[in-house]
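In what follows, chains are A, B, ... by sequence order, proteins preceding strands, each numbered from 1. When reading the values below, keep in mind they use all heavy atoms of this one structure, side chains included, and skip hydrogens, waters and symmetry mates.
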Protein chains: 2
Amino acid sequence: MLSPGHYQILTTLSRGGPCSRTDLARTLGVSKASISGLVRDLLNQNILCEQELVFGVGRPSVSLAVRADAASFIGVSLQQDPAVLVLTDLHGSVLARVEVPRAEDPDLCVESLVAAIDQLRAAGGASTERLSGVGVALPGFVSHDRHTCVASTALGWRNVDIGAALTERTGLPTWVENDANALILGEQLFGPLRGSPDFSMVFVSYGIGCAHIVNRRLLRGNAGGAGEISHAPIAIEGFGAAPCRCGNKGCLETVASLLAITNAARRAGLPEEIGPLAALAAKGQPDALALLHRAGSALGLATAQLIQMLDPSHVVVMLDPALHDSVFAHALRKEADSHILHREGPGTMVTFRDFAPENFASGAASLAARYFISGSDEL
Amino acid sequence: MLSPGHYQILTTLSRGGPCSRTDLARTLGVSKASISGLVRDLLNQNILCEQELVFGVGRPSVSLAVRADAASFIGVSLQQDPAVLVLTDLHGSVLARVEVPRAEDPDLCVESLVAAIDQLRAAGGASTERLSGVGVALPGFVSHDRHTCVASTALGWRNVDIGAALTERTGLPTWVENDANALILGEQLFGPLRGSPDFSMVFVSYGIGCAHIVNRRLLRGNAGGAGEISHAPIAIEGFGAAPCRCGNKGCLETVASLLAITNAARRAGLPEEIGPLAALAAKGQPDALALLHRAGSALGLATAQLIQMLDPSHVVVMLDPALHDSVFAHALRKEADSHILHREGPGTMVTFRDFAPENFASGAASLAARYFISGSDEL
DNA sequence: ACCATTTTTTTATGAAATGAACCATTTGCG
DNA sequence: CGCAAATGGTTCATTTCATAAAAAAATGGT
């Protein structure tokens, strides 16, 4: 239905925001005549709309923008229990939201997800008329075809073709992706860093997840295992090198994940929840301070390695709100800063953002939106 | 002169080796009719040639290959003193080779390079009729436009537009690139790993250089500083964290570079040349063994970090031949292997190769060849 | 009112890709 | 030996696509 030219226009608009026909022609290196025709098609199909006039010298240009209501998408996050599902529009805004318990058994899980999707469709009303796809984010490895979960320790799954199952039950095309990858792909399409060609995201949950955009593309690597930093060898002097479930010693995950932090807190007789622990550290309790400082420093060192290796323009670290302004965050920033090679020009910017399970769901929805916009899984 | 279609054919052939017209049509997703016409043009211009027939059922297919003598290129390596210049054909074979002292003063340097290039042209004879470009590899940072050396501590240069100078004096288009980048771009176009979408190269010289191909493209990063591992924080327990010229402590460069190794050897009263040092270690001299083991382990740890982060299919480590089968290499492999997360399927393959200054020169030549083949600096 | 300037549309022209038919050359089989 | 089946490559009329040039539209300044 849409030609490559149409997709190029949609991609350019969602990458750089609204612009005129002439801008599009310049950016894409084609004639204004071609753009004119393609834009007409997209206007007729209610995918684009003309926005306000931009006045300069001469005839004002009309801004073109992708219509938010041109399509809607469903995103499923199995990153935590409960699972979160959202219905989003083409700008990534959440139109409806549902939570369901995350079932371990694959069949039960699909069952409850299908029910939740029906709920979302009902809640969305007219906006689901052009519902065009489902995305799933899960903690684990996903096969090359973006259908099957090859392995997930968190879910206890091996070779579960959840993509095919959902497609069959909902009649909607479905894309499956690793949780960290879905998160960063959502950021690339919908987030504040949209359009940046090189950036990375790290999140601290029970484990530590990480993904990278390099040259505008997701870094997957040869076997799809690229970008992992949770098993980076963080053998800082003075840090004990605890054995990790991966068989090595001194992995980042054994120090900086929420699981590691709460385990260490329990052993030290400190509160096991991250909120109270951070509050205690804020009051100056020495053990809590040391624990969070150590964890933050470890993640900071890994971040420095990441920055040295990939030289991204931004690294976004998603943290529990309780940690946002804590010694954890400060130690992270300091350790990262002290281990990167400073050069001229603006270096990598490290920013913190609140961790919310919803982000994974809307990242998952963006997988389907991406296909709508670019006709493929690349932008 | 050549259209995008022509370049696509040349790129496909040099990426995947000789193939038939029908294969090209399948690979590129265009009709046989289009390929037929484009190939005819390239045959007429003596850029392609028809090779042997491949028999199967039905009419045999004729293999098409890029002619080695379709063009020739000059590569300049300023990676070491003396500078090495080579004349290569379109398959990367070295047709002639010249060395000249590497002058510090930019003007003098250009002067001697121009003279050496004339020598190469004379030595190349008829093969330089279609000489189509010059590439320069140098240790330092190169501006975004691939003309100017922004900074090089090894050469003592700041903002030297060596590209423009050579273009003016030789009349040939010139591309300038960082030494490690030139090396891996040469491997991508001419080497055994040609066509691999994800691989990395590391070389151990007075410093340590490193570059990566990700998704078939050179990893440059936001500020062009990606891929550097020489300042990776290698703070292995038991390894002293020596201060580095970058201001941090415990950088890889302070342990594993040839400069660091020979400095440490001098302090320990061991031979300062790498050959005798390696020989001593091979005989079992404890201090020499410890020194090389420590250096190899450090590089191995950095290699493990690299593999975890990028998940390449191959890592090629270029070493002085004396180190090739030494405790350095063994420690490197062991340390790398023990710090990567093993998963199903074939993991990253780490291979050693002899370090030769020529590789940088032919890598530099490949920059010009790349332009001939793809019409841009991407493959 | 009129001109300069810039954006957008229209239109006529040319280039490029295609599908379908056709020719070429081999293997396999009776 | 002869013929069908299969595959590779070419030719050519047709369609699609992109473009440049011209025209129209919309505004600011003089």
How close or far is atom P of D:dG9 from atom CG of B:L48, stated in whole angstroms?
13 Å
Please list residues of residues 20-39 of chain B whose heavy atoms come under 4.0 Å from any atom in DNA chain C, ordered by number; otherwise none.
B:V30, B:S31, B:A33, B:S34
Which of residues 53-65 of chain B sit near DNA chain C, with a heavy atom under 4.0 Å from it?
B:F55, B:G56, B:G58, B:R59, B:P60
Distance from B:L218 atom CG to B:E177 atom CD, nearest 0.5 Å?
6.0 Å
Can you list the steps and then say if B:H6 with B:I47 is a side-chain contact (heavy atoms from CB on, under 4.5 Å)?
CA-CA 10 Å; B:H6 294 121; B:I47 295 174; over 6 Å; no
Do B:T348 and A:N222 pass the side-chain contact (heavy atoms from CB on, under 4.5 Å) test, and can you show the C-alpha distance, the side-chain angles, and the key distance before you say yes or no?
CA-CA 8 Å; B:T348 299; A:N222 178 242; over 6 Å; no
Partner set under ring-ring contact (aromatic ring centres under 6.0 Å, His included) for A:F190, not counting sequence neighbours
none
Heavy atoms only: give me the nearest A:A70-A:L90 pair and the separation to one decimal.
CB-CD2, 3.7 Å
Give me each pair satisfying salt bridge (Lys or Arg N to Asp or Glu O under 4.0 Å) with a member in [range], each pair once, sequence neighbours excluded.
range	result
residues 367-379 of chain B	B:R217-B:E378
residues 59-74 of chain A	A:R67-A:D69
residues 13-29 of chain B	B:R21-B:E50, B:D23-B:R26

According to salt bridge (Lys or Arg N to Asp or Glu O under 4.0 Å), who are the partners of B:E187, at least two apart in sequence or on a separate chain?
B:R353
Going 5' to 3' along DNA chain C, which nucleotides are the first and last within contact of chain A (any atom under 4.0 Å from a heavy atom)?
C:dT5 to C:dT10
Once side-chain contact (heavy atoms from CB on, under 4.5 Å) is applied, do any residues pair with A:S63, and if so which ones, sequence neighbours excluded?
A:P18, A:Q51, A:E52, A:V54
Please name all residues satisfying side-chain contact (heavy atoms from CB on, under 4.5 Å) with A:A223, sequence neighbours left out, ordered by chain then number.
B:D311
Given that both distances must come in under 3.5 Å, which nucleotide forms a Watson-Crick or G-U wobble pair with D:dT30?
C:dA1
Can you label the angle between the B:F372 ring and the B:F73 ring as parallel, tilted or perpendicular, going by 30° and 60°?
perpendicular
Can you give me every donor-acceptor pair (side chain of residues 163-174 of chain A, partner residue at least two apart or in another chain, under 3.5 Å) with its distance?
from, atom 1, to, atom 2, distance (Å)
A:T167, OG1, A:G163, O, 2.9
A:T167, OG1, A:L172, O, 3.4
A:T167, OG1, A:T174, OG1, 3.2
A:R169, NH1, A:E111, OE1, 3.2
A:R169, NH1, A:E111, OE2, 3.4
A:R169, NH2, A:E111, OE2, 3.3
A:T170, OG1, A:L166, O, 2.6
A:T170, OG1, A:L172, N, 3.2
A:T174, OG1, A:L172, O, 3.1

Ordered by number, residues from residues 7-19 of chain B within less than 4.0 Å of DNA chain D (heavy atoms) are none
